[in-house]
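Before any comments, here is the structure.
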Amino acid sequence: MRDIHDFKDIEGSYVSRRHAPGIVALSFIVCFIGSWTTIELFHKRTHFKGWYNWGLLSGCALSMGGMAIWCMRFIGNRAIILGDGEPELQPMFSAGMTALSFFLPVIFTEIAFAVVGPEDKLYYMRVALGSTLAGLGYSAAHYGGQAQMTNYDCFYDLPYVLGAIIISVVTNIAAVGIYVWLRSIWNAKFWLRGISAFLMAGAVSGMYWVASIGTFFRLKKDVYLTPSRERIRDATTVIVVVLSILGCFLLIMLAIMKEAAKVRSSHRAQQVVLATAVFNEDGKLMVTAEGVLPNRKITNSYLEQGLNDTFNNSHPTFQWILRTTHNWKSVEDLVPAMRDHLVASGLKNRFGSESNYTNDEGTPIKDYQLIFRELFCTAAADLADDLHQPLNKLGIIFDNIISTDQKPKQNRFMMDKRSSSVDLEKEGIELEAIGKGQLLFLVRKVTQHEADSLQGAGYRFADIKHLIPILGALFRIRRVDLAKDLEEMYLYTTKKHMLEPGIHLGFFCARASVAAGFEILARRDARYLLPTMQVPLGNLEEWQIEFLKSLDAENVSTCLKAFNKSARAKASPPIQKLFASQLRFSLEQLKDEIDDSFFNDARFIGTPVEVPCRGATDRSRPAKALLFAFRMVAPLQARAPGKKLEFTPLVLFKTYQHVYKNAVDHAIFARQTYQEFSNILDLDPRVNTEHFKTPLASPLPEEEPSHLKNVSRQRLFKIRDRLPFRQNMDNNETLEELRAHHLGGIMVSRQVSIKVVPLVTLTQDNASFIEEEIFMTGRPYGFEEPNMAKVAFKEEEVPDYAGELLTISMKLR
């Protein structure tokens, strides 16, 4: 090193400068890596709320402010060579101020990205304001850093200062604007995000080097770069290098994770997968930051046990899944035992890998149907954990299974290209409707508060039209079919159709299924309802029932004529005319709804059937309405008329009749599920366990239930007075008894004396009364003494009116 006295003659003078091109390029690379890492972290941000999103925002600020700006500026300063390159004349910065300058761009960047926001919509003002704040932050960080120089006074050329600020702001607006626009249309692919990062790095580097050209350095007196200060400068360089390596490593890890998720999803397209379709109040679909539906593998493939054992929406296992998802409480306490059973049996390890589900003969193992149900339940529980939601908030199963991994149709174009080299999105190739994999959807509509909570956990809601290309390519599903299915799922969650109490006219049309069984004509928007039209009547009188019976086996045209004739008959009383005109009007409406001439051949069933209908309140059990149906058995090749109806499997239609809200069937199904799994899960089928509590199987609590403490005496006495065999009991004794006992269900386990009691049938009619008696007294209905072990109940679900109508139709065809 030269002696410091050699520089006395240039103290107070401007020192010449030049730049090292290699270090300039290195500074841009560091800035580019930091900017791309920032874009990737910001891309994963989904909402303003939640620790997850605030952590990502802080990561964006550290990556952009700490690496892309601070590290780039420090490396850039090493690229500035003052004088003739003498070490004593090189820029020297205050250690404390250098550390402090790290936080200035971080703070500016965090505020800027918070202003831009995580929404999938381009808000021009927010993008402009946030980008301007970021650009000003870059400039402030640069000029603030220059002020930290201890051995030089810096002077700036105003046009260069303004030019640097303009470049920083405008280029940053372009970079952020392009990214947000791409994100709003769900086309922000990895390499496109890289372009935005390149522009953002250009904003930082462009501002820095334009500002550097317009900066002049005047050497201070007696302040030179000493060996000790050189060591501090070298240590800072090491920190910069470490930060750069960490940023590069993080960017590589993000890219690897994205590619791994893509490969995993492509594999799941060939498996049986459970996914969620969660919609918000605006009809937007919830996905991950990359546009993928939350999903979990159920199994590699469903093992068919025969030619007719195809897993579809008419399969018995699917019917079980349908009922389970409408009553998650029937299995939620069994899931831990199911998981342990799968692991203990060697069917699945702790990491999710599966063993072979076939025996030596190549057929499915014993109890495979139960194993598959366990796999479904554990996959659903894992999916609920992913969403940070309880299992009973996961949603209900969509009543159609979607085929995935559909192969492109073979044509001359495909013969010339390898299928693996074909870009389905780019080429727009049509796919076959049948694929290797199967996709089951759990659908649900959430409130705004629930949507905010899910977004805070790392998910976002997007317009379905933007997601169709992504999901179609990922799961290899035809876009047209996927768009149709997602639209049906949204309607599935929004419309809770149910017949109103009263009298209805309907159309029951059955046809044989190609696979097995029957299909019936149902509403497309509610596959659990027949096409019906309500008659504006209350209860039917005897003469009205007889009039309808007289039309039994008549076709639609004959019935219309009879209604019209009765309505116009001068000798008929007014009430009979009104009745006939109401029937005629309802039948004409039903005919218009079906909108097909083949309905004219349907035959009338003069005897009504009872069908579930809406209860008195939202908390009431389903009531019963009367349905007078027109019957028809259609040929195998018949198609559904119009756009409002479609043929649906009869077994699926029947299952739907058991899943109405508040139906007693849920409790019966829960009991059956417990008994069904009791063997393989080593449960006692006769008594309850601490892991399983349903409305039909709960132990007697040792303490008074907390909810009884809040029941007023007046309410207790009011309920007691409705109990037929407690009218004459003393008020105080009854109240004490009510406080002392409680039973949450039908079966109890108390080891005292056993007394046989008459069989009581649990039906829709007596369920409410029985439950109320049990709730208030702690003793099942029919008990005469408190020390009885249990009461026998015959469990009976709602009547199968679809089966009854099919029987009538087949007999009279």
Side-chain angles (χ1 to χ4, degrees), residues 15 17-39 61-83 85-87 89-106 108-109 134-135 137-152 154 164 167-168 171-172 175 197-215 217 225 229-252:
V15 178
R17 66 166 182 271
R18 58 188 176 88
H19 300 91
I23 301 179
V24 171
L26 177 62
S27 70
F28 180 81
I29 293 173
V30 170
C31 185
F32 176 59
I33 293 174
S35 300
W36 202 344
T37 304
T38 302
I39 290 289
L62 290 171
S63 177
M64 190 69 198
M67 181 178 174
I69 298 176
W70 188 79
C71 292
M72 176 269 163
R73 184 177 62 80
F74 188 84
I75 294 176
N77 288 337
R78 297 297 295 261
I80 299 175
I81 301 174
L82 298 178
E86 298 90 341
L89 296 181
Q90 301 315 303
M92 183 175 58
F93 297 89
S94 167
M97 293 302 296
T98 298
L100 183 62
S101 68
F102 176 88
F103 296 99
L104 183 63
V106 170
F108 266 91
T109 304
Y138 304 161
S139 302
H142 170 72
Y143 287 107
Q146 295 297 91
Q148 301 163 21
M149 200 174 293
T150 57
N151 57 344
Y152 285 95
C154 296
I167 289 174
S168 176
T171 309
N172 204 57
F198 185 86
L199 291 175
M200 194 175 290
V204 177
S205 296
M207 176 277 303
Y208 179 86
W209 294 115
V210 170
S212 296
I213 293 174
T215 301
F217 303 92
L225 183 63
R229 289 174 175 173
E230 177 67 19
R231 286 193 294 272
I232 296 176
R233 194 180 185 209
D234 292 339
T236 308
T237 303
V238 172
I239 295 174
V240 169
V241 171
V242 170
L243 288 175
S244 302
I245 293 174
L246 287 176
C248 186
F249 177 76
L250 179 59
L251 183 60
I252 292 173

Are any of the side-chain heavy atoms of [X] and [Y] separated by less than 4.5 Å?
| X | Y | result |
| --- | --- | --- |
| Phe249 | Ile33 | no |
| Val204 | Met64 | yes |
| Pro91 | Asn77 | no |
| Thr215 | Ile80 | no |

Results of side-chain contact (heavy atoms from CB on, under 4.5 Å) for [X] - residues two or more places apart only:
| X | answer |
| --- | --- |
| Leu104 | Phe108, Ala140 |
| Ser27 | Met72, Ile75, Trp209 |
| Phe198 | Phe28, Phe32 |
| Leu246 | Val242 |

- Item | Ile213 and Arg17: CA distance, side-chain angles, deciding distance, side chain to side chain contact (heavy atoms under 4.5 Å, CB included) verdict | CA-CA 9 Å; Ile213 293 174; Arg17 66 166 182 271; 4.3 Å; yes
- Message: The criterion is ring-ring contact (aromatic ring centres under 6.0 Å, His included); which residues satisfy it with Tyr143, sequence neighbours excluded?
- Response: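 Scan of Tyr143 (ring-ring contact (aromatic ring centres under 6.0 Å, His included), adjacent residues dropped) gives Tyr156.
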- Query: Of all residues at least two apart in sequence or in a different chain, which pass the side chain to side chain donor-acceptor pair (under 3.5 Å) check with Ser168?
  - Reply: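 With sequence neighbours excluded, Ser168 shows a side chain to side chain donor-acceptor pair (under 3.5 Å) to no residue whatsoever.
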- Under the side chain to side chain donor-acceptor pair (under 3.5 Å) test, which residues partner Ser205, sequence neighbours left out?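 With neighbours one apart ignored, the set is empty.
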What closest approach, in Å, do [X] and [Y] show between heavy atoms, and which atom pair accounts for it?
| X | Y | answer |
| --- | --- | --- |
| Ile167 | Met207 | CG2-N, 4.1 Å |
| Ala197 | Ser35 | O-CB, 3.5 Å |
| Ser63 | Thr38 | OG-OG1, 3.0 Å |

- Query: To the nearest 0.5 Å, how far apart are CD1 in Ile252 and CD1 in Ile245?
  - Reply: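 The CD1 atom of Ile245 is 10.5 Å from CD1 of Ile252, to the nearest 0.5 Å.
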- Message: Closer than 3.5 angstrom, by distance alone: can the side chain of Tyr138 be matched with the main-chain N or O of Tyr208 as a donor-acceptor pair?
- Response: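 Flag not set: sc Tyr138 to bb Tyr208 has no pair under 3.5 Å.
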- Which is it for Met200 and Asn172 under the side chain to side chain contact (heavy atoms under 4.5 Å, CB included) test, yes or no, and what are the steps along the way? CA-CA 5 Å; Met200 194 175 290; Asn172 204 57; 3.6 Å; yes
